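As structure tokens, the structure follows; a few thoughts come after it.
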Amino acid sequence: MIKLPTLSLNSKLFWVLFAPAFLVSILVGVFLLSTRFSDLNRNLVERTQHITDQVANTSAYAIVFSDQNMMYRILQNALNNPDISSVQLFNSEQKMIAELGKTSSSDKILLTENSGITEQNGRLESISAIHYTSNALDDVFNGQTDLFNTQDQRTLIGWVKIEANKASIQIEKYQYTGLIVFILVLFNILIILGAFHASKTLTQPINKLASALNKLVKGQFSTAKLMKLPPEYTAIQKDLLDLTERLEHHNEELIAGIEQSTENIRRSMDSMEEKSAQLHIANREAMESNRLKSQFLANISHEVRTPLNAILGYTKTLQKDIADPQHRIYVDTIEQSTNSLLAIIGDILDFSKIEAGKLSLENNHFNLKTLIDEVYQTLSINLLSKDKQIDLVPEFGQDVPEWFIGDSTRVRQILTNLIGNAIKFTHQGSVRTRVTIATQSAPDITLSFQIIDTGIGIAEHKINRLFKPFSQVDTSTTRQFGGTGLGLVITKKLVEQMNGKIEVSSDPSIGSTFRFTINLKASSKGRANHLPLNFHTVLLEPSQTYKSYLDGYLNSIGVSCSTCSDLEQMVMMLNKNHRDIDVVLLSVAPNDQSVAEARELVLYSAQQFSIPCILMIQPPGQITHYPDLKNICSDILLKPISHDRLYHALQNLNAAPSSVPSIPKLNAQHEKIKGLSILAVDDSPINLQLLNHWLLPIGLDVSLAYSGQQAIDMAMSKQFDLIFMDIQMPEMDGMETTQHLRQLDTYKNIPIIALTAHALGSEQQQMLSSGMNAYLTKPIDEELLISTIEKWCSNTDSFQDQVDAKLVGIFDLDKALSIVDGKEEIAKEMFDMLADSLSAEKKLIQHHLENQDTQKLIEVVHRIHGASKYTGTINIARHANFLETHLKELGMEEVEGVADDFIEAIDELLNHRQLIPWTQALDSSTTNA
């Protein structure tokens, strides 16, 4: 839109005076011209009509007697009129019999008795019929004079056509128009001069007054006092002088106040500088304290996890061969207690990482339904007992997909905390997990979770204590159920980091409901398509809630279900309808009586009717506790029942009875890794003995080193296929040892796996940057250890290939070097300057996003964008370009997603910063030189 200039007061007043007079003059001129033009046209028409009638009346005799001389005399008389240009006579047959003047341009003329005047191309055509009155003429010739008493007989004998030229009146119009225009122009010039003079005279005092006010604004009080206004403005001038004096006095007071304030500020500057120095020192001390705390937690993690690794490892080893049930209970108790201690350590470390802002989320594909099933399985084993039997039921909306992209470990942690708390505080009834879609906009999905229990509930005035660190609703619960009071705090922080929120509602008489939402991304993996089984099953399940849950799932996979409430009803149904029954689903409680009854029913249905049975064992009963049932059942499933495991069990009814493995199946792996030479490095003899105990029986050649220097010496004298390296060792730690090993030609690409109790992400990156291929967190699982050996010993990629694969799309070393002509020192210095500033710049970006400050945000992003183009940080440069373009074109509209991608690119670079092989690049450039 074009902005029109603002008119001055003088111009506005001029137009107010001039515009009405101008409009009136235009209207008068238009009126005079239209009136005159109309009169001229009307007079011409009347004259032409009159001449036409005269010619028609006088030419009748000449036409009757064909007197050509008379005809031309009549036509010549008409043509003598200056307006007439052409006269023509036509007989009754419409043939022209006489013509004078300019030849007519009309091609064909339509002659009728009613012909009149028409206008044709700037001329008038007048046509009139000529009639012959017979009686009247005869009487004239016979000498009779009483013509009025004679009856006329009119006969059409011809026509007369006259053309009149409008040129003469057109000239008159032009002359008259010129006269009117001249008068109007002269009149308007006089009006303009008068309006201009009047507007200038009227606005001059106002302009002087405005000038005086402008002087006051600039502080030129003396000039304002000398301003003179016309006598009509005497009162205004008096008020202006009064205002000038007041402002002058106020200005003097203000200047004095400013000088005093400036002096006060100068006096306080020394004090402020001292305070600033003290704050700077305090900030450095706080940062150092935070660093020491993180280091302390890492050390504590190592010192605690190291012995726990041995405890859990030997506990699992004992579980393989123990036969005494009481001893098995003891060993199981040791395992559960150790896992509980590990959970407490994990909570403390997670809380520390959250406080330090170092908790980062990963993205991976995971099956949500399988994850919830696994959480239920784990918690049911650890928290349920013979005296505490509750139903654990997952409920999914029909539109909820199975696969998502997100941090499955953190989702599992959230669900484990909330479901675990619900199970702890529920003595009877059920714990249900309901999952629905809150909102969906591709590819983002917001899931809504509800953990609903029928437990003891929480008083309303105590709910606000739930999410406070190291706090519980009632201190007695700590003694009864244990816990650090950090679980819900960590859960809340994790939910918020996934852009969700958590809330709770509770009634001591009903139970509690925890609700939370998290944002995940849709996965390309589709839902598993289970073909209908077309079975009929009989279900014995005492719990109505769990019965409805299983019945709903069975119907969804094409299995019709008949339910029974007790053993007698089951036997009656088998006897009556055994031909229609394909399988029996039998729930077994963890007591000897229920197990004995189940054994009898399984044998009865198999021997009498050849109907297979699937047992559903209620925790804390374990499948390994009932070895005799394993041989007579089609399958044994542990509650809560997983949909996939139940479908698989029903699908394989005719197969041999399954035995659910509690020990990893390693036979297939033995052949792949047998004979490999493994070096294990650890300063703890117990951990080395445990590794030796696991690896020797499966055919591996295991060598043990108790220090970093010993590991280097052994590596120089013998070639190993894989090295397990502890991190925290005296004299030379695992990372330093790895760096020395990587300098040996024969160990540049040998897999080195860290065995660490450290849990901080920054230290994990340090491990990888030191030359390690991967890391395993203590306590180490035997199955994971062996699968790690298989994975890395079959990997043909070099160590540099693995590093390059991690840096693809994040950092381009060749580009960083090409910008500075291969000078790595300069390239690294430029990169370090950018990388060192990114943490502070990220905080600025988040701050400007919260305050919706578009301009400052553009400045920060532009600064990073410019630096990233010269440092090889290709991912940051790409996302900075996206964000800067978005901000300039759309502002803050829908900027959240683009900004999140940019911040994620910054975090990704900082996490992989230590993997950049600067030294290798330098060696390469030196060699080429």
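The residues of the chain are indexed from 1 along the displayed sequence. Here the structure is a predicted model, which is why all the values come from computation and not from measurement. Values below: all heavy atoms of this structure, side chains included; hydrogens, waters and symmetry mates excluded.
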Looking just at side-chain N and O atoms, do [X] and [Y] make a donor-acceptor pair shorter than 3.5 Å?
X      : Y      : value
Asp444 : Gln440 : no
Arg878 : Asn881 : no
Asp721 : Ser677 : no
Glu908 : Asn875 : yes

Look only at the side chain of [X] and the backbone of [Y], and say whether a donor-acceptor pair between them is shorter than 3.5 Å.
X      : Y      : result
Asn851 : Asp853 : no
Gln719 : Thr746 : yes
Gln710 : Tyr706 : yes
His886 : Glu893 : yes
Tyr870 : Met830 : no
Asp683 : Met729 : no
Thr873 : Ser868 : yes

Open item on the list: Quick one, Arg412 with Glu374, criterion side chain to side chain contact (heavy atoms under 4.5 Å, CB included). Give me CA distance, side-chain angles, the key distance, then yes/no.
Closed with: CA-CA 9 Å; Arg412 182 191 301 271; Glu374 292 173 354; 2.9 Å; yes
State, yes or no, whether a side-chain contact exists between [X] and [Y] at a heavy-atom distance under 4.5 Å.
X      : Y      : answer
Ile753 : Ile723 : no
Asn363 : Asp407 : no
Leu368 : Glu402 : no
Leu741 : Ile752 : yes
Leu890 : Val895 : no
Lys842 : Leu910 : no
Thr491 : Ile502 : yes
Phe902 : Ile864 : yes

Task: Evaluation steps, side chain to side chain contact (heavy atoms under 4.5 Å, CB included), between Lys718 and Leu679 - done: CA-CA 10 Å; Lys718 181 179 179 181; Leu679 173 62; over 6 Å; no
Once you round to the nearest 0.5 Å, how far does [atom1] of [X] lie from [atom2] of [Y]?
X      : Y      : atom1 : atom2 : value
Leu909 : Thr871 : CG    : OG1   : 8.0 Å
Met716 : His740 : CE    : NE2   : 11.0 Å
Cys793 : Glu790 : SG    : CD    : 9.5 Å
His365 : Ser408 : NE2   : OG    : 11.0 Å
Gln739 : Ile712 : CD    : CD1   : 10.5 Å
Leu695 : Phe724 : CG    : CZ    : 6.5 Å

TODO: Please check if atom CD in Glu731 has more than 12 non-hydrogen atoms from other residues, nucleotides or ligands closer than 6.0 Å.
DONE: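 No.
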Open item on the list: Just checking Lys791: does its NZ atom have more than 12 heavy atoms from other residues, nucleotides or ligands closer to it than 6.0 angstrom?
Closed with: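 Atom NZ in Lys791 is not packed in, count stays at 12 or less.
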Where do [X] and [Y] come nearest, in terms of heavy atoms and distance?
X      : Y      : answer
Ala880 : His865 : CB-CB, 3.7 Å
Ala827 : Val820 : CB-CG2, 3.7 Å
Gly891 : Thr854 : CA-CG2, 4.3 Å
Arg742 : Lys748 : NH1-O, 3.1 Å
Asp726 : Leu755 : OD1-O, 3.0 Å
Val681 : Ala711 : CG2-CB, 3.5 Å

Task: Stepwise side chain to side chain contact (heavy atoms under 4.5 Å, CB included) test for Leu785 and Leu691 - done: CA-CA 9 Å; Leu785 181 74; Leu691 290 175; 3.6 Å; yes
- [ ] With salt bridge (Lys or Arg N to Asp or Glu O under 4.0 Å) as the test, would you mind laying out the steps for Glu884 and Lys888 before giving the verdict?
- [x] CA-CA 6 Å; Glu884 185 176 0; Lys888 289 180 178 178; 3.0 Å; yes
Open item on the list: Over 60° means perpendicular and under 30° means parallel, so tell me whether Phe831 and Phe811 are parallel, tilted or perpendicular.
Closed with: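 Plane angle over 60°, so perpendicular.
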- [ ] Let me see the working for Lys674 and Asp701 under salt bridge (Lys or Arg N to Asp or Glu O under 4.0 Å), right down to the final yes or no.
- [x] CA-CA 8 Å; Lys674 187 175 181 180; Asp701 178 16; over 6 Å; no
- [ ] Evaluate salt bridge (Lys or Arg N to Asp or Glu O under 4.0 Å) for Lys501 paired with Glu496, printing each intermediate quantity in order.
- [x] CA-CA 6 Å; Lys501 61 180 181 178; Glu496 291 173 349; over 6 Å; no
TODO: Using side chain to side chain contact (heavy atoms under 4.5 Å, CB included) as the criterion, point out the one residue from Ile678, Leu676, Leu700, Asn773 that pairs with Leu722.
DONE: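 Exactly one pass, corresponding to Ile678.
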Open item on the list: Between Phe366 and Leu520, does the side chain to side chain contact (heavy atoms under 4.5 Å, CB included) criterion hold? Intermediate values first, please.
Closed with: CA-CA 11 Å; Phe366 69 95; Leu520 301 173; 3.9 Å; yes
